[in-house]
Enquirer: 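Before I ask anything, let me first share the structure, which is written out below as structure tokens.
In what follows, residues are counted from 1 in the order of the sequence shown. What you see is a predicted model, and the numbers here were worked out from it, not measured in a lab.
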Amino acid sequence: AWIWFDDLTGISAMLRPLLFHPVPRARKAAWLYVLGSATLIVFLVQIVTGIALSSAYVASSGQAYSTLLFISSSKFGSIVRGIHYFGASAMIILIGIHAIRVYLMASYKYPRQMNWLSGVVLLFLTLGMAFTGQLLRWDQNGFWSAVVAAEQAGRSPGIGNWLGHFILAGDTAGGATLSRFFAAHVFFIPALIFLFLGLHLYLVIHNGISEPPQAGRPVDPRTYRVWYKELLARDGEPFWPNAAWRDAVFGCLVVLVIVGLAIAIGP
């Protein structure tokens, strides 16, 4: 069945270079390279649980809060909401630590400047997802966080008045605000995340995984690519399975912690 499917789609020709591309042998720092993939795994969990929640959620100022109570009234709904809640926190924590790791290990240097910039955009988009998702509960915490954000944005020079109105979708927070946040949370921001995530992963494959830094070994753009190619030939290893198993183990541990918190504490 796989041979027939692969013959029609050629999917193995696309996946093989991705799975078996060489990466530097990190040794002592190997487990520091699992944060990006763990963030991606949690993002996929957020997509699955978000789709499940949106199937029962009503983005109406008169029904939003009551539909969340309805979802939470069942054990399964409570767990799904809990996974989505703790998954959001985990995603922000992981992407933050990942950015710190990239900075401290100088992985933003040539030729990976665009990797860093696309990652920064993904960080802000993730914060945007957390902010817009908070209002969808339509409780006191979510409502007033949007009002405070609009008030702060309104103090921006020049565009402040327009920005405050854009956030609230009007002069005051109401049903239009909820609809705008729901559209941003479910459609607009996820679309941008997919776009920049595709760019980010492409650049990771194109430029290669950064090697652990070493004192006294500066990055010279004139010779780095040749040096990096020689490093992979001399001391590299295939991503699958030599490095991928660490990503899988850590990603599974993160998901288990999220699910455990959801079952024990709830949303």
Side-chain angles (χ1 to χ4, degrees), residues 1-27 29-48 50-51 87 90-91 94-95 97-99 101-103 105-123 125-126 189-213 219 224-256:
W2 168 254
I3 293 174
W4 171 81
F5 179 76
D6 188 44
D7 179 55
L8 295 180
T9 61
I11 193 169
S12 65
M14 179 185 68
L15 292 179
R16 184 171 290 275
L18 299 178
L19 290 175
F20 295 98
H21 72 278
V23 297
R25 201 181 302 273
R27 293 185 174 86
W31 286 97
L32 295 177
Y33 285 82
V34 301
L35 297 165
S37 59
T39 307
L40 175 59
I41 291 172
V42 175
F43 177 59
L44 297 177
V45 171
Q46 293 300 93
I47 292 174
V48 174
I51 291 172
M91 192 171 173
L94 288 169
I95 198 172
I97 299 175
H98 178 56
R101 197 280 303 170
V102 170
Y103 178 77
M105 297 185 70
S107 300
Y108 57 86
K109 293 184 178 181
Y110 179 89
R112 301 179 181 87
Q113 299 98 313
M114 195 57 66
N115 298 48
W116 169 259
L117 293 175
S118 60
V120 170
V121 173
L122 286 170
L123 170 60
L125 290 174
T126 302
I189 300 180
L192 291 173
I193 288 179
F194 277 114
L195 177 65
F196 280 92
L197 186 60
L199 173 64
H200 194 71
L201 293 176
Y202 162 75
L203 291 171
V204 169
I205 300 297
H206 176 69
N207 293 317
I209 300 293
S210 63
E211 73 285 354
V219 174
Y224 177 80
R225 289 192 183 275
V226 175
W227 176 88
Y228 182 78
K229 188 175 181 179
E230 293 174 350
L231 172 69
L232 293 180
R234 180 179 69 254
D235 196 30
E237 60 181 2
F239 174 73
W240 178 272
N242 299 47
W245 73 269
R246 288 188 292 269
D247 292 350
V249 168
F250 185 74
C252 288
L253 287 175
V254 170
V255 173
L256 287 175

Enquirer: Using the test ring pair (Phe, Tyr, Trp, His ring centres under 6.0 Å), find all partners of Y33 that sit at least two apart in sequence or belong to another chain.
Expert: none
Enquirer: Please walk me through it: do I41 and V254 pass side-chain contact (heavy atoms from CB on, under 4.5 Å)?
Expert: CA-CA 9 Å; I41 291 172; V254 170; over 6 Å; no
Enquirer: To the nearest 0.5 Å, how far apart are CG in D7 and CD1 in I11?
Expert: 13.0 Å
Enquirer: Indicate every side-chain donor-acceptor pair of residues 12-23 with a distance under 3.5 Å to a residue at least two apart or in another chain.
Expert:
residue	atom	partner	partner atom	Å
S12	OG	D6	OD1	2.9
S12	OG	D6	OD2	2.7
H21	ND1	L18	O	2.6

Enquirer: Under the salt bridge (Lys or Arg N to Asp or Glu O under 4.0 Å) test, which residues partner R246, sequence neighbours left out?
Expert: E237
Enquirer: Measuring from S107:OG to H98:NE2, what's the distance to the nearest 0.5 Å?
Expert: 8.5 Å
Enquirer: Going by salt bridge (charged side-chain N to carboxylate O under 4.0 Å, His left out), name the pairs with one or both residues in residues 34-47, residues two or more places apart or in two chains.
Expert: none
Enquirer: Going from CG on L40 to CG on L35, what distance comes out if it is rounded to the nearest 0.5 angstrom?
Expert: 13.0 Å
Enquirer: Quick check for you: to the nearest 0.5 Å, what is the distance between L123 atom CG and M91 atom CE?
Expert: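 Reported value, rounded in 0.5 Å steps: 10.0 Å.
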Enquirer: Would you indicate whether I3, at its atom CD1, is surrounded by more than 12 heavy atoms from other residues, nucleotides or ligands within a distance under 6.0 Å?
Expert: no
Enquirer: Measuring from L192:CG to L125:CG, what's the distance to the nearest 0.5 Å?
Expert: 5.5 Å
Enquirer: Checking F196 now: which residues fulfil ring pair (Phe, Tyr, Trp, His ring centres under 6.0 Å) with it, not counting sequence neighbours?
Expert: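 Partners of F196 under the ring pair (Phe, Tyr, Trp, His ring centres under 6.0 Å) test: none.
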Enquirer: Could you state the interatomic distance from CG (L199) to CZ (F194), rounded to the nearest 0.5 Å?
Expert: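 If we round to the nearest 0.5 Å, L199:CG and F194:CZ are 15.0 Å apart.
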Enquirer: The test is side-chain contact (heavy atoms from CB on, under 4.5 Å); show your working for L94 and F250 and say whether it passes.
Expert: CA-CA 11 Å; L94 288 169; F250 185 74; 4.0 Å; yes
Enquirer: Among all residues two or more places apart in sequence or in another chain, which pass the side chain to side chain donor-acceptor pair (under 3.5 Å) test with H200?
Expert: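 If we apply the side chain to side chain donor-acceptor pair (under 3.5 Å) test to H200, skipping adjacent residues, the hits are S118.
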Enquirer: Taking R112's backbone N and O only, do any of them form a donor-acceptor pair with N207's side chain (distance below 3.5 Å, no angle check)?
Expert: no
Enquirer: For atom CH2 of W116, is the number of surrounding heavy atoms from other residues, nucleotides or ligands below 6.0 Å larger than 12?
Expert: yes
Enquirer: Among all residues two or more places apart in sequence or in another chain, which pass the ring pair (Phe, Tyr, Trp, His ring centres under 6.0 Å) test with Y110?
Expert: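 Not a single residue meets the ring pair (Phe, Tyr, Trp, His ring centres under 6.0 Å) criterion with Y110.
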Enquirer: Could you list the residues that satisfy side-chain contact (heavy atoms from CB on, under 4.5 Å) with K109, not counting sequence neighbours?
Expert: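 Applying side-chain contact (heavy atoms from CB on, under 4.5 Å) to K109 gives A106, V219.
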Enquirer: Ring-plane angle category for Y224 and Y228, please: parallel below 30°, perpendicular beyond 60°, tilted otherwise.
Expert: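 Y224 vs Y228 ring planes: parallel.
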Enquirer: Apply side-chain contact (heavy atoms from CB on, under 4.5 Å) to P213 and list each qualifying residue two or more places apart in sequence or on a separate chain.
Expert: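 P213 satisfies side-chain contact (heavy atoms from CB on, under 4.5 Å) with M105 only.
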Enquirer: Testing the basics here: between T39 and I95, what is the closest heavy-atom pair and its distance to 0.1 Å?
Expert: OG1-N, 3.7 Å
Enquirer: Could you tell me which residues satisfy side-chain contact (heavy atoms from CB on, under 4.5 Å) with D247, sequence neighbours excluded, listed by chain and number?
Expert: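 With neighbours one apart ignored, the set is V34, S37, F239.
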Enquirer: Who are the ring pair (Phe, Tyr, Trp, His ring centres under 6.0 Å) partners of W245, not counting sequence neighbours?
Expert: W31
Enquirer: For W4, does the CH2 atom have more than 12 heavy-atom neighbours from other residues, nucleotides or ligands under 6.0 Å away?
Expert: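 No.
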Enquirer: Only counting residues at least two apart or in another chain, list the ones meeting side-chain contact (heavy atoms from CB on, under 4.5 Å) with L44.
Expert: I47
